[in-house]
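For reference, positions follow the sequence shown, starting with 1.
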Amino acid sequence: MMDFVKPAEVLQAMVDVGEHKAKMNRVQMLIRGFLAGAILAFATTLAYTAVSQTSLGLAGALIFPAGFAIIILLGLELVTGNFALIPLAVMKRRVRLIDMLRNYLWVIIGHLIGCAFYALLYGLTITKMGTDMSNPLVQTLIQTSETKTLGYQHLGGAGIVLVIIKAILCNWMVALGAVMAMTSTSTLGKIVAMWLPITIFFAQGFEHAVVNMFVIPAGMMLGAHVTITDWLLWNQIPVLAGNLIGGAVFTGLGLYFAHHWGSSLKLSSPLATIQGVRSGLTAPNTTSKWGARS
């Protein structure tokens with residue numbers, strides 16, 4: 001197909017996009033992180049609505065990737081995708097480690113604000129301004145919030161290991177979704193390609209840090225017996241760690257070494273850059289083009 005992008009060009013795009021994201025100013029990181037967090041929260045409640053209406057978990061998994069597609073196509077910042085891309089730019093010495101950590105910090109802060117903002121508005125909506133708790137999604141959010149925290153707490157140390165494993169498996173797929181969007185130059189091709197791994201992750205109930213930044217606080221607002229310490233200790237912090245491992249090691253470095261180990265491919269070669277620009281995956285150093293393609 002004419003819009004297919006070869007793996008070598010995708011690798012070049014991953015490094016270039018990682019460099020661009022790390023060099024973005026913190027206000028852009030914060031705003032893009034805010035929008036991405038809110039949009040992913042929208043997609044999460046849409047998925048829960050689909051499950052509630054159909055009693056089929058797969059229905060939610062099939063529709064949830066809509067939010068992810070919007071985030072990628074609009075060039076917003078999702079830290080779980082950045083976990084795979086920016087480490088490659090650091091490894092190629094295109095950016096510094098401190099630049100990577102700076103991106104993660106501001107994007108996560110943006111996610112937290114965006115998710116909390118949507119959680120507040122959505123909670124007011126489904127409870128009719130706090131006057132009616134009969135909506136089934138109220139109990140869904142409460143139960144999910146408690147399961148994602150207290151459920152692991154009851155297992156003790158094994159619970160921490162379990163949540164990290166589920167987070168690794170999650171972002172192996174989610175970060176792969178961000179990369180799969182680079183395998184096509186057409187909008188439809190990008191959407192279809194990224195849809196596949198996101199469906200795989202959501203259908204199996206793995207742990208995604210940004211989704212949890214919405215689900216757990218939303219459940220707490222609605223009355224879940226979960227404290228901030230429960231949220232951070234038994235979910236958010238270990239999930240972020242697992243997501244980082246899954247994205248950086250299994251997706252970013254995994255793909256890099258799969259195509260680069262022992263080969264003569266030079267990611268920084270002029271030919272690779274020319275091919276990347278031609279494919280629409282990379283662009284000259286202009287904010288507008290990067291925002292559209294990242």
Side-chain angles (χ1 to χ4, degrees), residues 29-53 57 59-83 104 106-130 133 135-149 166-167 170-171 173-175 177-178 194-195 198-199 201-203 205-224 226 228 230-232 235-237 239-240 243:
M29 294 178 189
L30 190 64
I31 295 173
R32 295 186 188 193
F34 170 89
L35 293 174
I39 290 170
L40 207 65
F42 268 100
T44 302
T45 55
L46 175 64
Y48 287 169
T49 301
V51 173
S52 176
Q53 293 176 348
L62 290 173
I63 203 168
F64 173 79
F68 185 85
I70 293 171
I71 291 168
I72 296 297
L73 293 177
L74 292 180
L76 301 178
E77 289 293 295
L78 194 63
V79 74
T80 45
N82 293 358
F83 282 161
Y104 292 168
W106 288 106
V107 172
I108 287 172
I109 291 174
H111 289 337
L112 287 168
I113 298 172
C115 289
F117 182 68
Y118 180 74
L120 176 62
L121 298 184
Y122 186 74
L124 292 173
T125 300
I126 61 174
T127 62
K128 298 178 181 178
M129 299 301 291
M133 302 293 285
N135 190 311
L137 290 179
V138 172
Q139 288 304 312
T140 296
L141 288 169
I142 291 175
Q143 292 171 6
T144 303
S145 179
E146 293 177 347
T147 299
K148 285 178 171 289
T149 52
K166 292 174 72 174
C170 165
N171 212 38
M173 289 294 100
V174 173
M194 71 179 89
W195 208 281
I198 304 304
T199 298
F201 123 72
F202 200 87
F206 296 144
E207 295 286 349
H208 189 275
V210 185
V211 170
N212 293 348
M213 289 177 192
F214 160 71
V215 172
I216 298 175
M220 292 166 64
M221 292 178 189
L222 294 170
V226 176
I228 293 178
D230 293 332
W231 167 34
L232 296 178
N235 188 285
Q236 202 62 66
I237 293 174
V239 168
L240 279 168
N243 283 173

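For the residue pair Ile63 and Ala50, the shortest heavy atom distance occurs at CG2-CB, 4.2 Å. Shortest non-hydrogen contact noted between Glu77 and Ala36 is O-CB, 3.1 Å. Across all non-hydrogen atoms, the minimal contact from Val215 to Ser145 is O-CB, 4.1 Å. What you find for Ala178 and Gly81 is that their closest heavy atoms are CB-CA, 4.4 Å.
Between Ile198 atom CD1 and Cys170 atom SG the span is 8.0 Å, to the nearest 0.5 Å. Note that CD1 of Ile31 and CD1 of Ile113 are 10.5 Å apart. Values are rounded to the nearest 0.5 Å. If you take CG on Leu78 and CG on Leu40, they are separated by 6.0 Å, rounding to the nearest 0.5 Å. For the atom pair CG of Asn135 and NZ of Lys128, the computed distance is 8.5 Å after rounding to the nearest 0.5 Å. Here Ile142 contributes atom CD1 and Ile216 contributes atom CD1; the two are 14.0 Å apart, rounded to the nearest 0.5 Å. Rounded to the nearest 0.5 Å, atoms CZ (Phe206) and CE (Met173) are 8.5 Å apart.
Residues that satisfy the side-chain contact (heavy atoms from CB on, under 4.5 Å) test with Ala41, not counting sequence neighbours, are Tyr118, Phe214. Listed by chain and residue number, Ala61, Leu62, Pro65, Trp195 satisfy the side-chain contact (heavy atoms from CB on, under 4.5 Å) test with Thr199 (two or more places apart in sequence, or in another chain).
One N or O on the side chain of His111 and one on the backbone of Val79 form a donor-acceptor pair closer than 3.5 Å. No donor-acceptor pair under 3.5 Å is formed between the side chain of Tyr122 and the backbone N or O of Phe42. Formation of a donor-acceptor pair under 3.5 Å by the Arg32 side chain with backbone atoms of Val107 is not found in this model. In terms of modelled atom types and a separation under 3.5 Å, the side chain of Thr49 and the main chain of Thr45 share a donor-acceptor contact. Listed for the Asp230 side chain is no donor-acceptor partner under 3.5 Å among the backbone atoms of Thr149. Using a distance-only test at 3.5 Å, with no hydrogens or angles considered, a donor-acceptor pair links the side chain of Asn243 to the main chain of Ala167. Judged by distance alone, the side chain of Thr125 and the main-chain N or O of Leu121 form a donor-acceptor pair under 3.5 Å. Judged by distance alone, the side chain of Gln236 and the main-chain N or O of Ala209 form a donor-acceptor pair under 3.5 Å.
At a threshold of 4.5 Å between non-hydrogen side-chain atoms, the residues Phe68 and Val174 count as touching. Taking 4.5 Å as the limit, some side-chain heavy atom of Ile126 sits within range of a side-chain heavy atom of Leu222. The closest side-chain heavy-atom distance from Ile108 to Met213 is below 4.5 Å. Using a 4.5 Å cut-off on side-chain heavy atoms (C-beta onward), Met221 and Leu141 make no contact.
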- request: Give the intermediate values and the outcome of side-chain contact (heavy atoms from CB on, under 4.5 Å) for residues Thr144 and Tyr48.
  value: CA-CA 11 Å; Thr144 303; Tyr48 287 169; 3.6 Å; yes
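Taking the six-membered ring where the residue is Trp, Phe64 and Phe201 present perpendicular rings, their angle passing 60° and hence far from 30°.
The environment of CD1 in Ile228 is sparse: at most 12 heavy-atom neighbours from other residues, nucleotides or ligands sit within 6.0 Å.
Among residue pairs with one or both ends in residues 206-215, those qualifying as salt bridge (Lys or Arg N to Asp or Glu O under 4.0 Å) are Lys148-Glu207; sequence neighbours excluded.
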